[in-house]
Protein chains: 2
Amino acid sequence: MKNWLDYIVFLSWDMKTLISSNAMQAKLREHIEKIVSLTDDEFTFVLSHFSFRKVKKHQFLIQEGDLVNYSYYVVSGLLKLSHTDANDKEHILHFAMEDWWVSDYKAYFSRTKATLSLDCLEEAGVFCLSLADSEKLFAGLPKMEHFFLKKSHFGYIASQQRVLSLLTTSAKERYEQFLMQYPSLMQRVNKSLIASYLGVSRETLSRLSS
Amino acid sequence: MKNWLDYIVFLSWDMKTLISSNAMQAKLREHIEKIVSLTDDEFTFVLSHFSFRKVKKHQFLIQEGDLVNYSYYVVSGLLKLSHTDANDKEHILHFAMEDWWVSDYKAYFSRTKATLSLDCLEEAGVFCLSLADSEKLFAGLPKMEHFFLKKSHFGYIASQQRVLSLLTTSAKERYEQFLMQYPSLMQRVNKSLIASYLGVSRETLSRLSS
DNA sequence: TTCTTAATGTGACATACATCACACCGAAAT
DNA sequence: ATTTCGGTGTGATGTATGTCACATTAAGAA
């Protein structure tokens with residue numbers, strides 16, 4: 001017996017987007033309501049400030065040097081936020097999966113050019129929020145500012161933990177931490193990328209895991 | 001011709017605290033007004049949620065294992081936020097000087113035990129804000145939530161930059177970056193601490209600077 | 001299928017950095 | 001003045017990790 005969702009494959013692209021977009025909206029709402037509760041009207045208002053977008057593998061949402069127009073909420077799929085240094089080596093700040101907010105926030109808030117790039121590892125669905133729309137959103141519904149304050153706190157704390165981990169632990173320990181923290185990612189992304197995230201060469205990572 | 005401030009030395013401790021505390025309040029207000037403007041009444045309201053405190057060298061504001069009751073705004077002096085690992089090695093997350101907000105935010109927001117410690121390197125003046133008072137403050141004056149949202153964004157961005165710097169650069173480059181970013185700290189704090197901040201041994205740091 | 005390219009493992013060697021040991025100096029304590 | 005001790009520099013040596021090279025396999029493209 002087949003799941004009815006399988007049949008969506010046969011529908012037109014627009015139809016697919018419409019249907020899946022409803023499921024996506026439910027996810028966004030659920031995500032927000034973990035922190036602030038919303039009436040239906042309020043959620044409709046919130047939603048009107050976002051646009052939804054599908055991203056294909058290898059597509060860039062942000063490229064270094066561009067202006068950064070959006071902050072992204074990832075509903076599904078997988079992206080990576082990274083920086084490429086002068087020697088063309090890529091360093092990964094973090095992966096972004098379901099339920100993550102991601103952008104080059106430095107460039108986003110200061111309306112300057114990106115120093116990071118954000119691209120897609122697995123076909124993804126994201127909600128996009130521009131800085132101007134976020135301001136309108138806060139003006140019309142102040143509790144959303146509270147929501148983002150909490151989110152920002154978590155982000156800050158997570159980033160600080162990462163600093164600490166880079167300061168205190170060896171490559172091997174970081175690798176083990178990573179396994180614990182993101183077991184699924186070991187399968188989903190290639191080892192070179194994980195090495196770039198951990199701050200070691202891919203050869204070293206290979207030796208660590210064997 | 002002497003500055004009138006010199007004479008404060010002869011006043012009683014209480015009197016000194018009172019007078020300096022007025023100057024401190026002005027600093028706090030100026031700091032906040034860089035982001036949101038306040039009427040006199042509003043500032044009085046804000047201030048009523050803070051307590052002011054002097055901290056002496058070697059005094060701890062947070063010790064690992066304790067509950068974290070406050071977030072601190074540093075008016076003057078110098079503190080360090082650090083973590084001591086299993087091998088008794090200290091790692092410095094950051095120094096905190098004039099105009100910085102600092103705490104073990106993970107423990108503060110989740111009301112759990114501190115994994116970081118915050119102690120004083122140079123006699124300091126700090127404003128203390130408890131989590132409960134911050135909530136009251138936001139309830140009474142929502143624009144303060146906006147203020148802290150901006151602050152949190154900056155903190156997050158700065159922390160991300162630090163991650164990037166640890167991922168991309170060598171000890172020598174980090175040392176040079178540090179010189180650029182905090183020239184005054186090279187004089188103010190001993191080299192071992194700077195080494196702990198940069199994530200290298202004090203011997204290596206010594207060799208880098210010669 | 002066959003060809004081409006990407007991902008991964010592994011050896012040999014180079015190097016940045018840690019660790020241990022000790023010397024020197026200047027500031028505080030006695 | 002003498003002693004003690006924290007801060008700093010520096011040599012000798014060890015080690016984790018990077019780099020380069022090449023082989024193997026898996027995955028896409030034609």
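Chain letters run A, B, ... following the sequence lines, proteins first, then strands; residues in each count from 1. None of the values given here were measured: they were computed from a predicted structure.
Of the candidates dA18(C), dA7(C), dT10(C), the closest approach to any side-chain atom of Asn190(A) belongs to dA7(C). The nucleotide whose nearest atom lies closest to any side-chain atom of Lys89(B) is, among dA18(C), dT8(D), dT8(C), dA18(C).
Taking only distance into account, the side chain of Arg207(A) meets the base of dT19(D) through a donor-acceptor pair shorter than 3.5 Å. Counting atom types as modelled, Arg202(B) pairs a side-chain N or O with a base atom of dG9(D) as donor and acceptor under 3.5 Å. Side-chain to base pairing of Arg174(A) with dT17(D): no donor and acceptor N or O lie closer than 3.5 Å to each other. With hydrogens and angles ignored, no donor-acceptor pair under 3.5 angstrom links the side chain of Glu203(B) to the base of dC17(C).
At least one side-chain nitrogen or oxygen of Ser206(A) sits closer than 4.0 Å to the OP1 or OP2 atom of dG9(C).
Listed by first and then second residue, the salt bridge (Lys or Arg N to Asp or Glu O under 4.0 Å) pairs that reach into residues 180-189 of chain B are Glu122(B)-Arg188(B), sequence neighbours excluded.
Put simply, CG on Leu193(A) is 13 Å from C1' on dT8(C), counting in whole angstrom units. Whole-Å rounding puts the Asp85(B) CG to dA18(C) P distance at 13 Å. The nearest whole Å value for the distance from the CG atom in Asn87(B) to the P atom in dA18(C) is 14 Å. With rounding to whole Å, Leu198(B) atom CG is found 15 Å from dA18(C) atom C1'.
Inspection of the Trp100(B) and His31(B) side chains reveals no N or O donor paired with an N or O acceptor under 3.5 Å. For Glu203(B) and Ser206(B), the side-chain atoms include no donor-acceptor pair closer than 3.5 Å.
In this structure, Phe148(B) has its ring center under 6.0 Å from that of Phe138(B).
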